[in-house]
Number of protein chains: 2
Amino acid sequence: MISPTIEDYLKAIFKLQKGKEKVTTSSIAERLQLSNATVTSMIKKLAKQKLVKHVSYHGVVLTEGGEKIAVKVIRRHRLVELFLKEILELEWDKVHDEAEQLEHYISDEIMDSIDRVLGYPKADPHGDPIPTRSGDIEKVEDNYTLAEAEVGKKLVINSVSDGDPNKLRFMFKLGLLPGVSISIKNKTPFEGDLDIKVGSSHYHIPLAVAKKIYVTQIERRLKEEEKKHLTV
Amino acid sequence: MISPTIEDYLKAIFKLQKGKEKVTTSSIAERLQLSNATVTSMIKKLAKQKLVKHVSYHGVVLTEGGEKIAVKVIRRHRLVELFLKEILELEWDKVHDEAEQLEHYISDEIMDSIDRVLGYPKADPHGDPIPTRSGDIEKVEDNYTLAEAEVGKKLVINSVSDGDPNKLRFMFKLGLLPGVSISIKNKTPFEGDLDIKVGSSHYHIPLAVAKKIYVTQIERRLKEEEKKHLTV
DNA sequence: TTAAAAGTTTAGACTCATCTAAATTATATG
DNA sequence: CATATAATTTAGATGAGTCTAAACTTTTAA
């Protein structure tokens, strides 16, 4: 990396913070491959700009403003990753490094456009949630394509992603939109086409379409909700 | 702009060079909004790297290596512009500034992918030629969509551009590929669908497809060739 | 409880891209 | 063709981001 930007510092601190541990100068230095001295002086500047709170010798915490920026960068990163994979068809192992560069140079307007083309996804295929435009991060427990889902289980659509307006229009017509509940009635062997139920309607959809619809099993989703209630 | 990169300097020199005039320190400074002193010292560095030839007080010329980089940046810029317009559907007036940023952070692999998704275009809709992967710049005299072309004229396809694989497949099947000659036999009023002739075959194509095919009138193209012969 | 070890900050120096002002070189005009 | 004017380069300063080494604070453990 060239000189990390302010965004890189804030993102690093955000990620370290999620690890629950106190965020130290040296942990940031480690992550960004810089000397401790460099990080200390940069942290002082960020503190002056009210992006972090810093107590000498005792670590760093993001302010609300700092966190907002960090989350925005993460949103850009994940959407760009997904975009590179889904629309430009790059391999997963390459998209991370590319996104690491691009995340700093994508305007809000381009972001919105990418979000739209991808069908407003809630998570990337790794299962990492994509923060919303307003900065909320919803936990996504599970996220795979309809093509991979089990027959019979109740499913909910997380996102429909495609660069192909025709497929999109097809999905819209069938009511296959984020948040909608569906289930698979049958899978044709070999071809892999699916019979699905949406509300009270039954449809037959091609495999290519099923591969572009990301879903979660409702049972698991509920289990996660319970877990949350127990632990919080 | 933040501090211009080496690529920005080379691109600026390339463009000034096309204007035929001697490229002076001050013309570069003007273009990049820097002081003359700054440009002089930067030019000295570029000269040390063999990217430009500099004779004190007498101007600057790109070396072969420098020109190669400049052309590559211009290729990235124009492809990114077209991509933002065609795939992400941004307005033309916004596309330039965005591309100005992004052109420095797009890898060769992403470039190839964008080129493919756009159908290997030879020019952007402004008519500016897009340099090839190997750095050749072909003059493109004229470039508009098939939807806008005149009935009866002989046309040649410059590019077929779409994010939609279905449309692309449709075009391929009909042999609508860059370099191919076609003509319009008839336009349906209102709907705007077209009857076209490709080789000895006749087809009927929807307006939506015609809008994604960029063409040049063959007569004009010949005229341009003549002009070249006269002036060179 | 205190001394050694570990972690953090400060001091001072370096490089880089930039600037203004002064010095130098080229060009244009009487 | 000599000199005034314009253009270019050099000199020296500034601010940003980085480093190493020294100074300082906190933690650990005898």
Side-chain angles (χ1 to χ4, degrees), chain A residues 1-13 15-17 19-63 66 69-70 73 100-101 103-105, chain B residues 1-13 15-17 19-63 66 69-70 73 100-101 103-105:
Chain A
M1 183 156 32
I2 353 265
S3 265
T5 62
I6 288 181
E7 290 187 346
D8 289 312
Y9 277 91
L10 295 175
K11 191 174 85 166
I13 296 167
K15 296 239 175 174
L16 290 166
Q17 227 163 249
K20 298 299 173 201
E21 295 290 311
K22 193 177 70 174
V23 179
T24 63
T25 318
S26 46
S27 61
I28 301 169
E30 165 72 29
R31 210 183 166 92
L32 298 180
Q33 295 291 317
L34 297 169
S35 74
N36 287 352
T38 302
V39 172
T40 300
S41 81
M42 203 53 157
I43 291 299
K44 286 193 172 308
K45 278 176 206 164
L46 296 181
K48 208 172 284 175
Q49 295 179 246
K50 306 271 186 219
L51 295 171
V52 302
K53 248 180 66 190
H54 179 221
V55 183
S56 262
Y57 297 100
H58 291 91
V60 176
V61 194
L62 290 178
T63 63
I69 294 175
V73 177
E100 203 67 22
Q101 292 296 314
E103 66 188 15
H104 305 299
Y105 306 98
Chain B
M1 184 158 27
I2 352 268
S3 266
T5 61
I6 288 181
E7 292 187 343
D8 288 313
Y9 277 91
L10 295 175
K11 191 173 84 166
I13 295 167
K15 297 238 175 176
L16 289 167
Q17 228 164 248
K20 300 297 173 199
E21 294 291 312
K22 196 177 68 176
V23 179
T24 63
T25 317
S26 47
S27 61
I28 301 169
E30 165 72 31
R31 210 184 165 91
L32 299 179
Q33 294 292 317
L34 298 169
S35 73
N36 287 352
T38 301
V39 172
T40 300
S41 79
M42 204 49 158
I43 290 298
K44 286 189 172 308
K45 278 176 207 163
L46 296 181
K48 208 172 285 174
Q49 296 178 245
K50 306 272 186 216
L51 295 171
V52 302
K53 247 181 66 191
H54 179 219
V55 182
S56 260
Y57 297 102
H58 290 92
V60 176
V61 194
L62 291 178
T63 63
I69 295 176
V73 177
E100 203 66 24
Q101 293 295 313
E103 65 187 16
H104 304 299
Y105 306 99

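Order of the sequence lines fixes the chain letters, A, B, ..., with proteins taken first and strands second; residue numbering starts at 1 for each chain.
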field: Under-4.0 Å side-chain N/O to phosphate OP1/OP2 contact, B/Ser35 with C/dT20
entry: no
Any A/Ser3 side-chain N or O less than 4.0 Å from OP1/OP2 of D/dG17: no
Distance, rounded to the nearest Å, where B/Lys48 contributes NZ and C/dA17 contributes P: 12 Å
message: Is there a side-chain contact between B/Thr25 and the phosphate of D/dT9, meaning an N or O under 4.0 Å from OP1 or OP2?
response: yes
field: Non-hydrogen side-chain atoms of B/Asp8 and B/Glu103 separated by less than 4.5 Å
entry: yes
query: Roughly how many Å is it from CD in B/Gln49 to C1' in C/dA17, rounded to a whole number?
result: 14 Å
query: Are any side-chain N or O atoms of A/Thr24 and backbone N or O atoms of A/Gly59, one a donor and one an acceptor, separated by less than 3.5 Å?
result: no
Nucleotide D/dT18, atom P - distance to NZ of A/Lys45 in whole Å: 8 Å
- request: Please tell me which of the listed nucleotides, C/dT18, D/dC19, D/dA11, lies nearest to the side chain of B/Ala37?
  value: D/dA11
- request: From the options D/dT9, C/dT10, C/dT20, select the nucleotide whose nearest atom is closest to the side chain of B/His54.
  value: D/dT9
- prompt: Taking atom C1' of D/dA6 as reference, at what distance in whole Å does atom CG of B/Asn36 sit?
  reply: 11 Å
Phosphate OP1/OP2 of D/dT18: any A/Thr38 side-chain N/O under 4.0 Å: no
- prompt: Is any side-chain N or O of A/Ser56 closer than 4.0 Å to OP1 or OP2 of C/dT8?
  reply: no
